[in-house]
Participant: 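One structure, as structure tokens, below. Some questions next.
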Amino acid sequence: MTHQDTGRASEPAAQIDGDAAAAFLSHEGRPESLRHAPGPYFGDYGGRWMPESLIAALDELQETFEAAKADPEFTAQVAELNATYAGRPSLLTEAKSFAAHAGGVRVFLKREDLNHTGSHKINNVLGQALLAKRMGKTRVIAETGAGQHGVASATAAALLGLECVVYMGAEDTRRQALNVARMQLLGAEVIPVTNGSQTLKDAINDALRDWVANVDTTHYLLGTAAGAHPFPAMVRYFHEVIGEEARAQILEQTGKLPDAVCACVGGGSNAIGIFHGFLDDPSVRLYGFEAGGDGVESGRHAATITLGRPGVLHGARSYLMQDEYGQTMESHSISAGLDYPGVGPEHAYLADIGRASYEPVTDREAMDAFQLLCRTEGIIPAIETAHALAGALKVGQRLAADLAPGEQASDKVIIVNLSGRGDKDVATAAEYFDLLPDDSAEQEIAQEGEQL
Amino acid sequence: MKTLSSKAAAAVEKARSEGRAALIGYLPAGFPDVPTTIEAALTMAANGVDLIEIGIPYSDPVMDGRVIQDATVQALAAGFTVPQIYDVVRGITSATDVPVLVMTYWNPVMRMGVREFASRLAEAGGAGLITPDLIPDEAAEWMAVSDEFGLDRVYLVAPSTSQARMRSTVEASRGFVYGVSVMGITGARTSVGAAARAVVDDAHAAGAERVCVGLGVSSAAQVAEIARYADGVIVGTALVAALRDGGVPAVAALCKDLSTGTGKNPS
């Protein structure tokens with residue numbers, strides 16, 4: 001499967017400016033607000049492309065979720081866990097030295113890396129684990145690539161007394177041995193997936209196979225804002241707190257809305273979470289940065305919206321990396337968390353209508369931004385997040401090059417969703433920057449792609 | 001359930017007129033290669049199979065267990081491409097009157113274009129599609145196109161299917177309704193359990209004229225048990241394993257054996 005079809009059904013606007021967004025938002029026949037889109041469809045995307053056997057479980061989940069949202073006890077429970085367990089609200093930190101490399105605009109980091117378990121993932125797993133309990137389910141299953149969502153799921157399961165099984169590509173379980181150990185320490189069972197290409201998408205396939213067979217007792221705790229309805233809208237709901245906090249914090253710290261919001265996009269959960277706070281603010285440009293891998297021209301990438309075309313995978317219609325026959329292609333990225341050939345359907349919609357722009361960032365660009373943030377701000381970001389940082393550098397430089405008369409670069413404000421911390425990526429980064437002695441044990445691990 | 005010009009319905013009704021449940025045999029296209037798929041399918045037809053189901057190998061077969069996954073991975077690795085399904089279907093239908101349904105996950109159809117896919121399938125003599133990850137709720141285009149080309153549309157119903165969904169799915173189906181015997185994926189099981197009978201009864205109650213049961217059926221004894229209450233019995237994994245382990249002769253032997261169980265009133 002080497003043929004990448006670059007054709008697409010309809011050309012979305014490559015860029016958006018404030019005027020276009022305003023035009024969209026006021027356009028007759030379109031919804032006044034883009035916020036809280038309920039699904040199942042986001043324009044032509046989303047839906048339920050799933051086996052009939054699972055439809056009843058999806059219906060049950062949807063009903064439970066809708067009832068929970070309207071139940072003050074549930075929303076209070078989520079707020080309580082966010083405040084006293086996950087560590088919310090997360091900080092909004094201005095990155096002044098880093099910003100000097102972004103054309104001199106002001107750059108603020110939404111610090112999801114400071115959450116318990118080290119990323120935004122905790123928002124979603126706590127919410128879904130609570131829903132699992134409301135449904136009377138005693139077991140949760142999850143997929144994981146590098147292990148971040150698996151660790152978060154195991155954490156939530158441990159906290160709430162649920163059995164937890166995590167599906168993970170066999171190759172990844174070997175490369176991510178320490179994250180496997182982490183999940184096991186938290187009481188989860190990790191099942192190596194040896195089917196298909198043995199990657200994240202195959203881990204999702206095996207989780208779905210488990211779910212079909214055990215749906216009476218089991219909730220599938222999907223880790224991103226993709227999959228069949230209600231997952232995309234539900235996962236977004238639990239991450240909306242990111243954008244709500246960020247909007248209030250930036251108004252408090254700068255007295256105005258940002259010019260741009262940047263996030264990395266694999267499945268797209270951290271991005272949709274922070275975008276959501278600004279969807280109805282047409283002056284705020286939204287940028288999603290996909291994994292460009294070795295470069296989109298190389299064929300080795302995960303730039304799903306940039307180069308994919310609409311199709312169905314794992315229950316939703318969305319952009320998809322597929323060959324000319326509709327077979328899913330393997331994605332490639334230095335970041336395991338972005339290494340997925342699909343993307344959440346709401347992002348596909350936001351791309352088509354031009355409300356958000358999606359661009360690829362190569363491994364090299366991401367790693368340069370990774371090192372820059374370490375050195376300038378004393379923050380080691382996740383390699384996933386480094387894609388958003390690399391994108392923010394470009395956006396900042398563009399904003400600075402396009403100032404109106406009388407405007408200063410320092411009048412411009414960018415928020416970057418710092419979706420996760422980079423502790424897990426230290427070995428990968430040390431190997432990438434050739435920091436390890438040739439005979440060290442760490443080097444041996446790093447060569448196998450270990451992400452500590 | 002519409003019966004007009006349904007090849008699949010005709011095959012099930014023919015079996016019924018002979019006092020039997022229909023025997024439906026599944027093989028994936030291109031395993032181990034296209035000529036062998038055709039030869040094995042014709043062998044099934046010559047040994048008691050009333051309706052042939054040919055699967056399109058797909059990168060993400062979430063409803064399939066290990067045996068069928070391994071076979072389809074092998075077919076794809078050997079270079080099978082989706083348009084070869086028409087070679088397989090034509091190869092079978094040009095040599096036998098036993099109808100051929102294609103089982104496919106939806107993305108390959110969507111990628112080619114539903115209308116083009118259907119038009120070429122009809123031209124190759126195919127009877128229609130079995131769609132494991134397409135529910136009628138998402139199937140507006142397929143509903144229209146299958147009417148246009150007179151193709152059967154076999155949807156699945158499961159032990160978890162609600163009464164309302166049972167009615168709407170039966171209504172949307174043509175040919176027969178595919179009753180999933182257990183909550184799970186394809187693969188041989190020692191028992192198909194009571195859930196299968198409940199699914200068949202519910203589908204009949206919802207108006208289905210023909211309900212065929214699949215998933216987990218591997219032996220003549222299981223066929224005999226299901227034939228008592230269902231209109232057809234679908235065998236997949238066991239046939240794939242037979243082809244894998246013993247080639248076409250093993251498929252012939254298994255079909256002969258399975259077909260001994262189809263009688264409605266076993267003596």
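Each chain gets a letter, A, B and so on, in the order its sequence line appears, and its residues count up from 1. Computed from a predicted model, the values in this text were never measured in an experiment. As a basis for the values below, the full set of heavy atoms in this structure was taken, side chains included, without hydrogen atoms, waters or symmetry mates.
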Participant: Quick one: pull up CG in A:Asn195 and CZ in B:Arg66 and give me the separation to the nearest 0.5 Å.
Facilitator: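 Atom-to-atom, A:Asn195:CG and B:Arg66:CZ are 4.0 Å apart.
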Participant: If we ignore angles and hydrogens, is there a donor and acceptor under 3.5 Å between the side chains of A:Arg209 and B:Thr186?
Facilitator: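 No pair is found: no donor N or O on one side chain lies under 3.5 Å from an acceptor on the other.
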Participant: Let me know if A:Val312 has heavy atoms under 4.5 Å from chain B in its side chain, its backbone, both or neither.
Facilitator: both
Participant: Taking every non-hydrogen pair under 4.5 Å, which of B:Pro61, B:Ser162, B:Pro57 racks up the most with chain A?
Facilitator: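 The option with the most such pairs is B:Pro61.
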Participant: Look only at the side chain of B:Ser160 and the backbone of A:Ser53, and say whether a donor-acceptor pair between them is shorter than 3.5 Å.
Facilitator: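 Yes, B:Ser160 side chain to A:Ser53 backbone: donor-acceptor pair under 3.5 Å.
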Participant: What is the distance from atom CG of A:Asp323 to atom OG of B:Ser59, rounded to the nearest 0.5 Å?
Facilitator: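 Those atoms lie 7.5 Å apart.
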Participant: In Å, rounded to the nearest 0.5 Å, how long is the span from CE of B:Met63 to CG of A:Leu54?
Facilitator: 7.5 Å
Participant: Can you find a pair of side-chain heavy atoms, one from B:Asp60 and one from A:Leu313, that are under 4.5 Å apart?
Facilitator: yes
Participant: Give the intermediate values and the outcome of side-chain contact (heavy atoms from CB on, under 4.5 Å) for residues A:Met50 and B:Asp133.
Facilitator: CA-CA 5 Å; A:Met50 283 294 253; B:Asp133 64 349; 6.0 Å; no
Participant: May I ask you to say whether A:Arg48 pairs ionically with B:Glu138, meaning some side-chain N is under 4.0 Å from a carboxylate O?
Facilitator: no
Participant: Where does B:Asp70 contact chain A at under 4.5 Å (heavy atoms): side chain, backbone, both or neither?
Facilitator: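 Contact with chain A: none, neither part.
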Participant: Carefully, step by step, assess A:Trp49 and B:Met110 under the rule side-chain contact (heavy atoms from CB on, under 4.5 Å).
Facilitator: CA-CA 12 Å; A:Trp49 307 83; B:Met110 191 178 266; 3.7 Å; yes
Participant: Calculate, to the nearest 0.5 Å, the distance between atoms CD and CG belonging to B:Gln69 and A:Asp202 respectively.
Facilitator: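 Going from CD on B:Gln69 over to CG on A:Asp202, the span is 8.5 Å.
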Participant: Quick one, B:Leu156 and A:Pro51 - any side-chain contact, counting heavy atoms below 4.5 Å?
Facilitator: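 Result no, sub-4.5 Å side-chain heavy-atom pair not found.
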Participant: Counting heavy-atom pairs under 4.5 Å to chain A, which of B:Ala139, B:Pro83, B:Pro136, B:Pro159 comes out on top?
Facilitator: B:Pro83
Participant: Provide the closest heavy-atom pair for B:Arg111 versus A:Gln322 in the form atom of the first, atom of the second, distance.
Facilitator: CD-OE1, 3.4 Å
Participant: Roughly how far apart are A:Asp216 CG and B:Met183 CE, rounded to 0.5 Å?
Facilitator: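 So the gap between those two atoms works out to 7.0 Å.
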Participant: Under the side-chain contact (heavy atoms from CB on, under 4.5 Å) rule, what do A:Gln327 and B:Thr81 come out as? Steps first, then yes or no, please.
Facilitator: CA-CA 9 Å; A:Gln327 308 284 359; B:Thr81 59; over 6 Å; no
Participant: Among B:Ile185, B:Val73, B:Thr169, B:Thr131, which has the most heavy-atom pairs under 4.5 Å with chain A?
Facilitator: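 Heavy-atom pair counts peak at B:Ile185.
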Participant: With a 4.5 Å cut-off on heavy-atom pairs, point out which of B:Val182, B:Val157, B:Leu76 contacts chain A the most.
Facilitator: B:Leu76
Participant: Check each of B:Leu134, B:Asp137, B:Thr161, B:Val180 against A:Glu52 using the side chain to side chain contact (heavy atoms under 4.5 Å, CB included) test, and report the only one that passes.
Facilitator: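 Checked B:Leu134, B:Asp137, B:Thr161, B:Val180 against A:Glu52; only one passes side chain to side chain contact (heavy atoms under 4.5 Å, CB included): B:Thr161.
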Participant: Just so I understand: if I count every heavy-atom pair under 4.5 Å between each of A:Ala213, A:Gly315, A:Gly47 and chain B, which residue has the most?
Facilitator: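 It is A:Ala213.
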